A.B. asks: 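Here it is: the structure, laid out below.
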There are 2 protein chains.
Amino acid sequence: MKLLLDNQVCFDVHAASRALDGLYRGLLRDLGLTYPQYLAMMVLWEREPVTVKELGAALRLDSGTLSPLLKRLEAAGLVRRERSAADERSVLVRLTPDGAALRPEAEQVPGRLLAATGLDVEELAAFRSTLRRLTAAVDEAALAVRRAQ
Amino acid sequence: MKLLLDNQVCFDVHAASRALDGLYRGLLRDLGLTYPQYLAMMVLWEREPVTVKELGAALRLDSGTLSPLLKRLEAAGLVRRERSAADERSVLVRLTPDGAALRPEAEQVPGRLLAATGLDVEELAAFRSTLRRLTAAVDEAALAVRRAQ
DNA sequence: GCCAATTAAGTTGTGCACAATCAAAACGTA
DNA sequence: TACGTTTTGATTGTGCACAACTTAATTGGC
């Protein structure tokens, strides 16, 4: 009985995440961005330059994911990368003019997405609070599991 | 201001989903399953045989994802596939004895995972309710976007 | 000042997700 | 019955995510 798919929160989270991805895919199509690329651009629109490490900390991604993603953004002419003069290990990521110019159009997206969720302010706040505690607790547990094996 | 990553529910959902995936990775390591493979096995432990189409409906996945996933489960000796005699288009997926034998160990997982979330029954119910309405609303919106373009 | 340990990015390999396309089987209707 | 349409699953191509590993630069202890 414990194994019924319908009874598992985790599948609900998984399904919600993929549903959101799908909606983003539609909304970001005109911008030529995928959702993870959009997330990276969002960091850059707020703060620039950032190192790959900082980007990874903000998005919870490692260089194995970010390196090719940034390579694609660079190929699309939206960002450029250069090694830091101060620390040759680091790579600084900056917006190009084209990348900066994308911001106004991107600013339309969060509002449309929030509207699509159909959640009111109060429910949204409770939901996010639960999400964050869930993520923190699960991260902690994953660490414990890792240590044990 | 609208573009701050910290202010976006969708990123929270995305992050929670990845955190859960990570914990599952640790818990399923001994079973030799990935999370999506575990989901497919869960359907089969409840009902057998199922067609690829039925599996896809249960997991919200298409054949582009399921075909290679089932091929891997078959290679691991956990399931077998055969074309339906009644409808040669369909493929029936069944458990092998090895696949069925994995169930008891798998039954440990949901409980450990639920415990790891640290959520009480009441909060969990509200959370799942929000998640499901969110998914339904977002699916609807994605459909509308698709139709419009 | 030297060398081991650490850190930052990149690379490789595996697997998931999805769009687009294809082939074969089944269906429906004139 | 014949033929166009639909359905089912597989395949191809792209991109994300992560583990494991590599390389180069920096840091710290001695």
Side-chain angles (χ1 to χ4, degrees), chain A residues 11 14-26 28-29 32-40 49-57 59-76 81-93 139 142 145-146 149, chain B residues 11 14-26 28-29 32-40 49-57 59-76 81-93 139 142 145-146 149:
Chain A
F11 181 68
H14 197 71
S17 178
R18 286 195 289 137
L20 284 168
D21 277 5
L23 180 51
Y24 269 114
R25 219 186 321 280
L28 294 175
R29 197 189 194 89
L33 294 174
T34 65
Y35 180 53
Q37 289 168 7
Y38 164 76
L39 292 176
V50 293
T51 65
V52 173
K53 178 186 169 63
E54 289 164 342
L55 207 49
L59 305 181
R60 302 175 53 114
L61 293 172
D62 63 10
S63 70
T65 302
L66 282 175
S67 287
L69 186 152
L70 291 170
K71 199 182 292 182
R72 281 185 285 270
L73 285 179
E74 195 169 37
R81 291 184 290 172
E82 57 191 21
R83 297 224 85 103
S84 162
D87 184 342
E88 286 280 336
R89 290 173 303 180
S90 304
V91 166
L92 296 173
V93 185
D139 277 342
V145 169
R146 275 181 115 69
Q149 65 194 359
Chain B
F11 181 68
H14 196 72
S17 178
R18 284 197 289 137
L20 284 169
D21 277 5
L23 180 50
Y24 269 115
R25 219 187 322 280
L28 295 174
R29 198 190 193 90
L33 294 175
T34 66
Y35 180 53
Q37 288 167 8
Y38 165 76
L39 292 178
V50 293
T51 65
V52 174
K53 178 186 169 62
E54 289 165 343
L55 207 50
L59 305 180
R60 299 175 54 111
L61 293 172
D62 64 10
S63 69
T65 302
L66 284 176
S67 286
L69 186 153
L70 291 171
K71 199 182 292 182
R72 282 185 283 271
L73 286 179
E74 195 169 36
R81 291 184 291 172
E82 56 191 22
R83 297 224 86 104
S84 162
D87 184 341
E88 285 281 335
R89 289 172 303 180
S90 305
V91 166
L92 294 173
V93 185
D139 276 343
V145 168
R146 275 182 116 68
Q149 65 194 359

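Source: prediction; values computed, not measured.
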A.B. asks: With heavy atoms under 4.0 Å as the rule, sort B:T34 into base, sugar-phosphate or nothing.
C.D. replies: sugar-phosphate
A.B. asks: By nearest heavy atom, map A:S90 and A:H14 onto DNA chain C; which one lands nearer the 5' end?
C.D. replies: A:S90
A.B. asks: Whole Å only: how far is the CD atom of A:E82 from the P atom of C:dA9?
C.D. replies: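 One finds 13 Å between P of C:dA9 and CD of A:E82, rounded.
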A.B. asks: How close do A:L70 and A:L55 get, counting heavy atoms only, and between which atoms?
C.D. replies: CD2-CD2, 3.8 Å
A.B. asks: Would you indicate, yes or no, if C:dG10 has its OP1 or OP2 atom less than 4.0 angstrom from a side-chain nitrogen or oxygen of A:K71?
C.D. replies: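 Answer is no, no contact under 4.0 Å.
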A.B. asks: Scan B:L66 against the nucleic acid and name what it touches under 4.0 Å (heavy atoms): base, sugar-phosphate only, or nothing.
C.D. replies: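 The answer is nothing, as B:L66 stays clear of every strand by at least 4.0 Å.
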A.B. asks: How would you label the contact of A:T65 with the nucleic acid (heavy atoms, under 4.0 Å): base, sugar-phosphate, or nothing?
C.D. replies: base
A.B. asks: Can you check whether B:S67 has a side-chain N or O nearer than 4.0 Å to OP1 or OP2 of D:dA10?
C.D. replies: yes
A.B. asks: Starting at the 5' end of DNA chain C and moving along, which residue's nearest nucleotide shows up first, A:P68 or A:D21?
C.D. replies: A:P68
A.B. asks: Starting at atom CG of B:L70, determine the distance to atom P of D:dT8, rounded to an integer number of angstrom.
C.D. replies: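 Result: 16 Å.
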A.B. asks: Do the side-chain N or O atoms of A:R146 get closer than 4.0 angstrom to the phosphate oxygens (OP1, OP2) of D:dA19?
C.D. replies: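 Yes, A:R146 has a side-chain N/O under 4.0 Å of OP1/OP2 on D:dA19.
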A.B. asks: Give a yes/no on whether any side-chain N or O of A:R83 is located under 4.0 angstrom from OP1 or OP2 of C:dA9.
C.D. replies: no
A.B. asks: As an exercise, state the distance from CZ of B:R60 to CG of B:L39, rounded to the nearest 0.5 Å.
C.D. replies: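 One finds 12.5 Å between CZ of B:R60 and CG of B:L39.
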A.B. asks: Sugar-phosphate atoms are those with a prime plus P, OP1 and OP2; base atoms are the rest. Using that split, label each nucleotide of nucleotides 21-29 of chain D B, S or - for protein heavy atoms under 4.0 Å, 5' to 3'.
C.D. replies: ----BS---
A.B. asks: What nucleotide among C:dG10, C:dA8, D:dG9 has an atom nearest to a side-chain atom of B:V91?
C.D. replies: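 Closest of the options to the side chain of B:V91: D:dG9.
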